[in-house]
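One structure below.
Note that this is a predicted model, so its numbers are computed, not measured. Numbering of residues begins at 1 and proceeds along the displayed sequence.
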Amino acid sequence: MGCNCENCGGIVTGLHHIGVHVRNARVSEKFYVEDLGFEKTHEFVNGPTTLIFVKAGSCIIELIENANKDDRPVGTIDHIAMEVKDIEPFVCRLTEKMVKFDTGVIAKNDWLFGGAKNIFFKGPDGERIEFFEMP
């Protein structure tokens with residue numbers, strides 16, 4: 001990438017959501033909406049994965065059901081998604097600081113909120129972090 005600058009753009013504007021692995025997205029949706037009073041705001045299906053976003057106040061939880069049942073146990077936090085502005089120069093700057101990104105490139109997901117951009121990386125203790133930019 002090579003942006004060669006310290007402050008060439010990109011900022012974290014806040015927490016976007018917390019992703020949690022669930023066994024059954026419908027059961028979890030029912031619990032959060034009917035029992036806890038959350039509002040279902042979005043649902044996306046991408047191949048074997050169902051994502052349901054529920055919200056209460058400023059708290060957004062992404063319920064992640066993966067039909068392939070990967071090795072991450074249900075009930076665990078998958079990632080913390082930080083909402084960012086100007087994702088490209090931000091990623092460039094962090095790449096220059098030797099941050100290793102899991103996917104290597106910023107994904108533009110036309111199926112997710114009409115074109116959200118995201119990329120995953122790990123913090124110093126292995127915590128999975130997502131940069132998430134709304135269209």
Side-chain angles (χ1 to χ4, degrees):
M1 278 184 148
C3 61
N4 297 314
C5 66
E6 280 298 311
N7 298 305
C8 61
I11 59 168
V12 173
T13 60
L15 178 67
H16 189 272
H17 65 269
I18 298 171
V20 178
H21 281 281
V22 298
R23 182 173 291 110
N24 183 312
R26 299 287 166 232
V27 170
S28 293
E29 173 191 351
K30 184 177 185 289
F31 171 75
Y32 280 93
V33 172
E34 293 181 14
D35 297 340
L36 298 183
F38 279 62
E39 170 191 2
K40 176 180 174 180
T41 61
H42 298 87
E43 179 175 333
F44 305 100
V45 177
N46 187 26
T49 304
T50 299
L51 308 175
I52 296 176
F53 288 79
V54 293
K55 179 179 182 178
S58 63
C59 177
I60 301 173
I61 298 174
E62 174 189 20
L63 306 170
I64 306 165
E65 178 188 338
N66 187 337
N68 290 339
K69 306 296 182 207
D70 58 22
D71 60 350
R72 289 173 281 198
V74 295
T76 60
I77 294 176
D78 178 75
H79 63 277
I80 300 167
M82 298 175 187
E83 188 161 359
V84 299
K85 180 180 175 190
D86 298 327
I87 192 170
E88 289 87 356
F90 203 172
V91 168
C92 180
R93 189 171 74 241
L94 291 177
T95 299
E96 287 187 344
K97 292 179 181 276
M98 307 309 287
V99 171
K100 303 289 184 212
F101 290 88
D102 295 352
T103 53
V105 297
I106 298 166
K108 183 171 187 261
N109 305 289
D110 292 331
W111 59 272
L112 185 61
F113 297 105
K117 296 177 186 176
N118 70 332
I119 192 165
F120 289 90
F121 60 101
K122 291 187 177 54
D125 292 305
E127 64 276 22
R128 192 163 184 241
I129 300 170
E130 176 185 17
F131 276 174
F132 194 88
E133 184 174 75
M134 292 293 284

Taking all heavy atoms of [X] and all of [Y], pick out the closest pair and write down the distance.
| X | Y | result |
| --- | --- | --- |
| T50 | A25 | CG2-CB, 4.2 Å |
| V33 | E39 | CG2-C, 4.5 Å |
| F132 | A81 | CB-CB, 4.5 Å |
| F121 | D102 | CA-OD1, 3.9 Å |

> Which residues pass the side-chain hydrogen bond (donor to acceptor under 3.5 Å, both in side chains) test with E43, sequence neighbours left out?
Replying inline: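 Partners of E43 by the side-chain hydrogen bond (donor to acceptor under 3.5 Å, both in side chains) criterion, ordered by chain and then number, come out as R26, K40.
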
Treat each ILVMFWY residue as a node, draw an edge where side-chain heavy atoms are under 4.5 Å apart, and state whether [X] and [Y] are in one component.
| X | Y | answer |
| --- | --- | --- |
| M82 | V99 | yes |
| V12 | I119 | yes |
| F90 | F120 | no |
| L36 | V20 | yes |
| I80 | Y32 | yes |

>> Other members of the hydrophobic cluster containing V45, with the 4.5 Å side-chain heavy-atom rule, please.
In response: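 Under the 4.5 Å side-chain rule, V45 groups with nothing.
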
> Hey, what else clusters with V105 if you join Ile, Leu, Val, Met, Phe, Trp, Tyr whenever side-chain heavy atoms sit under 4.5 Å?
Replying inline: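 The other cluster members (ILVMFWY side chains, heavy atoms under 4.5 Å, direct or chained): none.
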
[atom1] of [X] to [atom2] of [Y]: how many Å apart, nearest 0.5 Å?
| X | Y | atom1 | atom2 | answer |
| --- | --- | --- | --- | --- |
| N66 | L51 | CG | CG | 9.5 Å |
| T76 | H21 | OG1 | NE2 | 5.5 Å |
| L94 | E96 | CG | CD | 9.5 Å |
| K122 | I129 | NZ | CD1 | 10.0 Å |

> With D110, which residues qualify under salt bridge (charged side-chain N to carboxylate O under 4.0 Å, His left out), at least two apart?
Replying inline: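 By the salt bridge (charged side-chain N to carboxylate O under 4.0 Å, His left out) rule, D110 matches K108.
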
Exercise answer: donor-acceptor pairs, residues 56-64 side-chain atoms, under 3.5 Å, sequence neighbours excluded:
unit_1 : atom_1 : unit_2 : atom_2 : d
E62    : OE1    : H17    : NE2    : 3.0
E62    : OE1    : H79    : NE2    : 3.0

> Taking it one step at a time, do I18 and I77 satisfy side chain to side chain contact (heavy atoms under 4.5 Å, CB included)?
Replying inline: CA-CA 7 Å; I18 298 171; I77 294 176; 3.8 Å; yes

> Could you go step by step and tell me if F101 and I106 meet the side chain to side chain contact (heavy atoms under 4.5 Å, CB included) rule?
Replying inline: CA-CA 9 Å; F101 290 88; I106 298 166; over 6 Å; no

List, one per line, each side-chain donor-acceptor pair under 3.5 Å for residues 111-118, sequence neighbours excluded.
unit_1 : atom_1 : unit_2 : atom_2 : d
K117   : NZ     : E88    : OE2    : 2.7
N118   : OD1    : N109   : ND2    : 2.9
N118   : ND2    : E130   : OE2    : 2.8

> Are the side chain of T13 and the backbone of E83 linked by a donor-acceptor contact shorter than 3.5 Å?
Replying inline: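 Answer holds: yes.
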
> Counting distance only, does the side-chain N/O of N24 pair as donor-acceptor with the main-chain N or O of V27 below 3.5 Å?
Replying inline: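 Answer holds: yes.
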
> Does the side chain of F38 reach to within under 4.5 Å of the side chain of F31, using non-hydrogen atoms?
Replying inline: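 They are not in side-chain contact.
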
